[in-house]
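Computed over heavy atoms, backbone and side chain alike; hydrogens, waters and symmetry mates excluded. Since we're looking at a predicted model, the values are computed, not measured. Lettering follows sequence order; numbering is per chain, from 1.
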Amino acid sequence: MLDINLIRQNPEEIVAMLHNRQLGSEEPKLRKLLDLDKERKELVARSDDQKALRNKVSKEVADIKKSGAGSAEELIVQMKTVAEEISVMDTRLSTLEEEMENILLGLPNKLHDSVPIGRSAEENVIFKEGVSFEHRLDFPVKNHLELGKSLRILDFERGAKISGAGFPVYIGKGARLERALINFMLDCHTERHGYTEVFPPFFVNRESLRGTGQWPKFADQVYHMQEDDLYAIPTAEVPVTNLHRGEMLDAKSLPISYAAYSACFRREAGSYGKDTRGFLRVHQFNKVEMVKFTRPEESYAALEEIRESAEAILVALKIPYRVLLLCSGDISANATKCYDIEVWSPAEQKYLEASSCSNFEDYQARRSNIRFKPDGKSKPEFVHTLNGSGLATSRLMVSLMEHYQTAEGSIKVPEVLRPYTGFDEITQAAE
RNA sequence: GGAGAGGUGGCCGAGCGGCUGAAGGCAACGGUUUGCUAAACCGUCAUAGUCUGUCAAGGGCUAUCGAGGGUUCGAAUCCCUCCCUCUCCGCCA
């Protein structure tokens, strides 16, 4: 959520931002917000005046009653009218404020100066060119679906039977490999990158979704359990960032860094027909997420740290990747700056998104009221929140399986994962 | 699911119709004292909106005691609904 003061002071800057994000159509909402704000201000002034009067007279009534000198009847009758006026104004006021809040919650975040201006994904900037590692693939490569099936480690058909399309099943060494990846990534972030591990709930309430910005904008992408009014998390970012919702953090505790494994659930409504095969688009996947809470002046350095920690996983696994700096037209509404890390798929012959590292500045902190006192005496400030996937396993698994396949149709286990899997290779005989 | 207790500032905790934005304590911050540390003592210490003021210091007004309604001239305090926490019982794991 943007600071209303910022919008008041410099509405044209916000309008420019909307256009840069290819959201020019939102402009009327912004204008509406400013109108409502003006009306609210006038109304508040009038209401406050009447309240001041009421408070003053109420004290007089108290004095009269206490001293027993004379009757307060006339004053009381007068104040009944005043109270009614106040109630009418306050009713209107709460409608106004609700409308404003709704608009405000729907407005995207500012953009950082370093974000390239562009219309769509085609104009994203390559921040780091393909980082490659040697893999001998001098034979017709199989894709992850073929490998998964022939080695009997992935079963999309049965997943579809028991749940629906997009709910993959890992079997045998496939399941073990998946678990190895998750454990390796968590260990890496906690032991080498200084993160504290969190194992969060997978269902959250609506306040949590609102806190991180998935509500109301992406409400249709989230699974909802109607009975209990709970939502399946689309990413661990939601529960982990909301860990400190409504809290005043100790300045000495910053920066706070959490790494969390979670399953992630996404409806992916409206995205059928594109990249839908196998792991390329799923409703449930596994991810290790990094979340940071920092002082405002430290957040951009922290973003680079998160990106580097995510890259470190790929380097350790020797999986070819590149890093994109998302342009203004492609970056998500909540972020001020975002890097995408994409892994190469030899079978698909293209890059697949495996991580997104974003700075939200105070956008989420303002929504979820996460503050700190910069030093003992000064006013509370909002922290900056950031997060990055480190990483999502599904696309990573695609790239891993494809790169580590052999001419015989087996899959070698990357060196660093072997202590976690307990085996070096997945062969036909696996079961 | 049933019965009870409770939700107050950064934290703990008093208050239970007007003098309470809220006692007291802790923490924090500034200072005095001190060989250093500690202790002691003094002082300062909520947030937001709005008006005023030299876009200053400061001051005025308003709101906020889990959330939302209600009663009342006036609510942290009384009533209703909801949410949450704790204890006991039951049920399931």
* How about A:Phe293 and A:His384: are their ring centroids closer than 6.0 Å? -> no
* To do: Just name whichever nucleotide pairs with B:U72, Watson-Crick or G-U, keeping both distances under 3.5 Å, else none.
  => none
* Structure fact -> Under a 3.5 Å limit on both distances, the Watson-Crick or wobble mate of B:A48 is B:U62
* For B:C19, what is the paired nucleotide under Watson-Crick or G-U wobble rules, both distances under 3.5 Å? -> none
* Asked: To the side chain of A:Ala83, which of B:U62, B:C73, B:U50 is closest?
  -> B:C73
* Distance (rounded to the nearest 0.5 Å) between A:Cys327 SG and A:Asn124 CG -> 4.5 Å
* Which one is paired to B:C92, where only Watson-Crick or G-U wobble pairs with both distances under 3.5 angstrom count? -> none
* Mark yes when over 12 heavy atoms from residues, nucleotides or ligands other than A:Arg8 sit less than 6.0 Å from its CZ; otherwise mark no. => yes
* Structure fact -> In whole angstroms, the gap separating P of B:U50 from NZ of A:Lys38 amounts to 15 Å
* Nearest-Å distance, CD (A:Glu207) to P (B:A67)? -> 13 Å
* When rounded to the nearest Å, what value does the distance between P atoms of B:A46 and B:C36 take? -> 32 Å
* Asked: Can you tell me how far P in B:A38 sits from the matching atom in B:C29, rounded to whole Å?
  -> 12 Å
* Sugar-phosphate, base or nothing in reach of A:Val61, heavy atoms under 4.0 Å -> base
* Closest to side chain of A:Arg371, choosing from B:A63, B:U47, B:C73 -> B:U47
* Return the value, rounded to whole Å, for the distance between atom NZ of A:Lys379 and atom C1' of B:A48. => 9 Å
* Determine: side-chain N/O of A:Arg54 to OP1/OP2 of B:A63, distance under 4.0 Å, yes or no. => yes
* Asked: Roughly how far apart, to the nearest Å, are B:A27 and B:A63 at atom C1'?
  -> 28 Å
* Asked: Under a 3.5 Å cut-off for both distances, is B:A27 Watson-Crick or wobble paired, and to whom?
  -> none
* Distance between P atoms of B:G18 and B:C11 (Å, rounded) -> 26 Å
* Figure out the CE/P separation between A:Met100 and B:G49, and round it to whole Å. => 11 Å
* When you get a sec, tell me which of B:U50, B:C73, B:C61 is the closest nucleotide to the side chain of A:Ala52? => B:C61
* To do: Calculate the interatomic distance between A:Gln50 atom CD and B:C61 atom C1'; express it in whole Å.
  => 13 Å
* Structure fact -> Quick note, A:Ile76 side chain, CB onward, closest among B:G18, B:C73, B:U62 is B:C73
* Structure fact -> Separation of B:G10 atom C1' from A:His244 atom NE2, nearest Å, is 15 Å
* Counting only side-chain N and O atoms of A:Asn55, is one of them less than 4.0 Å from OP1 or OP2 of B:A63? -> yes
* Is the distance from OP1 or OP2 of B:G49 to the nearest side-chain N or O of A:Asn5 less than 4.0 Å? -> yes
* Rounded interatomic separation in angstrom, taking NZ from A:Lys56 and P from B:C61 -> 11 Å
* Asked: With rounding to whole Å, what would you report as the distance between B:G53 and B:G69 at their P atoms?
  -> 35 Å
* Structure fact -> NE2 of A:His144 to CZ of A:Phe279, rounded to nearest 0.5 Å, is 6.0 Å
* Looking only at side-chain atoms of A:Arg40, point me to the closest of B:C73, B:U50, B:U62. => B:U50
* Asked: Would you say the side chain of A:Asn286 lies within less than 4.5 Å of the side chain of A:Tyr261, judging by non-hydrogen atoms?
  -> yes
* Strand partner of B:A38, provided both Watson-Crick or wobble distances fall under 3.5 Å -> none
* Structure fact -> With A:Tyr258 as partner, the option from A:His244, A:His193, A:His189 fulfilling ring pair (Phe, Tyr, Trp, His ring centres under 6.0 Å) is A:His244
* Please determine, for B:U33, whether a Watson-Crick or G-U wobble partner exists with both distances under 3.5 Å, and give it or none. => none
* Structure fact -> Residue pair A:Asp3/A:Lys51 against RNA chain B: nearer the 5' end by closest nucleotide is A:Asp3
* State yes or no: are the ring centers of A:Phe203 and A:Tyr231 separated by less than 6.0 Å? => no
* Rounded C1' spacing from B:A75 to B:U8 in Å -> 14 Å
* Give a yes/no answer on whether the side chain of A:Lys80 brings an N or O atom under 4.0 Å of OP1 or OP2 in B:G74. => no
* To do: Using the P atoms only, state how far B:G66 lies from B:G7, rounded to an integer number of Å.
  => 8 Å
* Asked: Which base sits across from B:G6 as a Watson-Crick or G-U pair, both distances under 3.5 Å?
  -> B:C84
* **RNA chain B: 5'-proximal contact among A:Val77 and A:Val44 (nearest heavy atom)** => A:Val44
* Separation between CG of A:Asp37 and CD1 of A:Ile7, rounded to the nearest 0.5 Å -> 8.5 Å
* Asked: Counting any heavy atom closer than 4.0 Å, what does A:Lys59 reach on the DNA or RNA strands: base, sugar-phosphate only, or nothing?
  -> nothing
* Below 4.0 Å: OP1/OP2 of B:G49 and any side-chain N or O of A:Arg8 -> no
* Asked: Rounding to the closest angstrom, what is the interatomic distance between B:U34 and B:C19 at atom P?
  -> 45 Å
* **Between B:U62 (P) and A:Asp48 (CG): distance, integer Å** => 8 Å
